[in-house]
Amino acid sequence: MVMSSGYIPFHPNPSKPKYQPPAGAVDAHCHVFGPESRFPYAPERKYTPCDAPKEKLFALRDFLGLDKNVIVQASCHSKDNRAMIDALDSSNNKARGVAFVGEEVTDAELKAFDRAGVRGVRFNFVRRLVDFTPRDVLERIAARVAPLGWHIVVYFEMPDLPELESFFASLPTTVVVDHMGTPSVAKGVDDPENQRFIRLMENRENFWVKVTCPERMTLKGPPYDDVVPFGRTLVEKFPDRVLWGTDWPHPNMKKEAPDDGLLVDVIPKIAPTAALQKALLVDNPMRLYWA
Ligand code: 0GY
């Protein structure tokens, strides 16, 4: 059943970023939605987005000075990955994908996804977005995608980490954490909850993290300076295991659609040197998605 509406469309007219990303920069977390007339939304979705088709995504990529996209399957399309695959097919090798699958997926389908440019699956634990999937089902999916060289993207809310941590640590491949692990900005970087996540990153070299979505965590709004210490800590501690992305078209933002140009301008604040920027935007995503 569709539970949530009132979805805000993406920013109609983002500003040109002041920061110029290095050549070959990758937006490693974004989505395509629909168009609904061709790729209907899943009946079990929890929200209905506005159409955010591949043409708009590719135009935004160019406008922002970026070169490539990693398109992550979002819950509103559930296990119907066709819109994402169609975008990969027409990207001229400039997009890779992360799929959402159930264990009914066949090996032939996984191989076809791989040929199209899928390099990972997403396990979503955010209760407002998806229904619960039993742990053993996820374990069986993980065991099947690991031999393909794929990774697993995990999306969870930070208060749930203690309950999920041992499962994450048992996964047999690279694990990529969405949105900095969704820390509480009010509690601060040194809060035990956030420090627990940082320790997990320290202890597990197969864990990567996306320094994305300041607009979801900020208490003060743009230019998101209250979120900068979280991103910067992760980039400086784990320079070769961080990814950056826009999260366009920003599903489920309730108040305000972020200006994507301002999101690009956060990059030099969280990655203050050219070497950190190149690792974050080029070398790391190329290693994970284009190697
Ligand atoms: C995101 C964030 C969200 C939505 C989804 O799968 C999704 O529907 O990921 C969210 O609402 O927090 O990762 O873009």
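Counting starts at 1 for both ligands and their atoms, following the listed order.
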How about Met253 and Arg216: do any of their side-chain heavy atoms sit closer than 4.5 Å?
yes
Per-atom filter on ligand 1: closer than 4.0 angstrom to a heavy atom of Arg122 are 1 (C), 5 (C), 6 (O), 7 (C), 9 (O), 13 (O)
Can you name the atoms of ligand 1, numbered from 1 with element, that are less than 4.0 Å from a heavy atom of His31?
1 (C), 13 (O), 14 (O)
Counting heavy atoms only, which of Tyr155, Phe100, Phe33 comes nearest to atom 10 (C) of ligand 1?
Tyr155
Out of all atoms in ligand 1, which are within 4.0 Å of some heavy atom of His29? Include the element for each.
1 (C), 13 (O), 14 (O)
Which of the atoms in ligand 1, numbered in the order shown and given with their element, are less than 4.0 Å from a heavy-atom of Ser75?
6 (O), 7 (C), 8 (O)
N/O of Arg128 under 3.5 Å from N/O of ligand 1, yes or no?
yes
Give the atom numbers and elements of ligand 1 that come within less than 4.0 Å of a heavy atom of Pro251.
3 (C), 4 (C), 11 (O), 14 (O)
Does any non-hydrogen side-chain atom of Lys56 lie less than 4.5 Å from one of Trp248?
yes
Using salt bridge (Lys or Arg N to Asp or Glu O under 4.0 Å) as the criterion, list what pairs up with Glu139, not counting sequence neighbours.
none
Counting from 1 in the order shown, the ligand 1 atoms closer than 4.0 Å to a non-hydrogen atom of Asn252 are 11 (O)
Quick check with a 6.0 Å cut-off and a 45 degree axis cone: is Arg204 positioned over the face of Phe168's six-membered ring?
no
Under 3.5 Å: donor-acceptor pair, side chain of Arg241, backbone of Phe207
yes
Below 4.0 angstrom from a heavy atom of Leu129, which ligand 1 atoms are there? Numbered from 1 as shown, please.
3 (C), 4 (C), 5 (C), 7 (C), 8 (O), 10 (C), 11 (O)
Solution key, residues 219-235 side-chain donor-acceptor pairs under 3.5 Å, sequence neighbours excluded:
from, atom 1, to, atom 2, distance (Å)
Asp225, OD1, Lys269, NZ, 2.8
Asp226, OD1, Thr218, OG1, 2.7
Asp226, OD2, Thr218, OG1, 3.2
Asp226, OD2, Leu219, N, 2.7
Asp226, OD2, Lys220, N, 3.2
Arg232, NE, Glu236, OE2, 3.2
Thr233, OG1, Pro229, O, 2.6

With atoms numbered from 1 as shown, which atoms in ligand 1 lie under 4.0 angstrom from a non-hydrogen atom of Asn124?
6 (O)
Looking at His250 versus His11, is the centre-to-centre ring distance below 6.0 Å?
no
Please assess Asp86 against Lys54 for the test salt bridge (Lys or Arg N to Asp or Glu O under 4.0 Å), listing each intermediate value before the final yes or no.
CA-CA 8 Å; Asp86 174 68; Lys54 61 186 178 186; 2.9 Å; yes
I'd like to know if Asp247 contacts ligand 1, where contact means a heavy-atom distance under 4.0 Å to any ligand atom.
yes
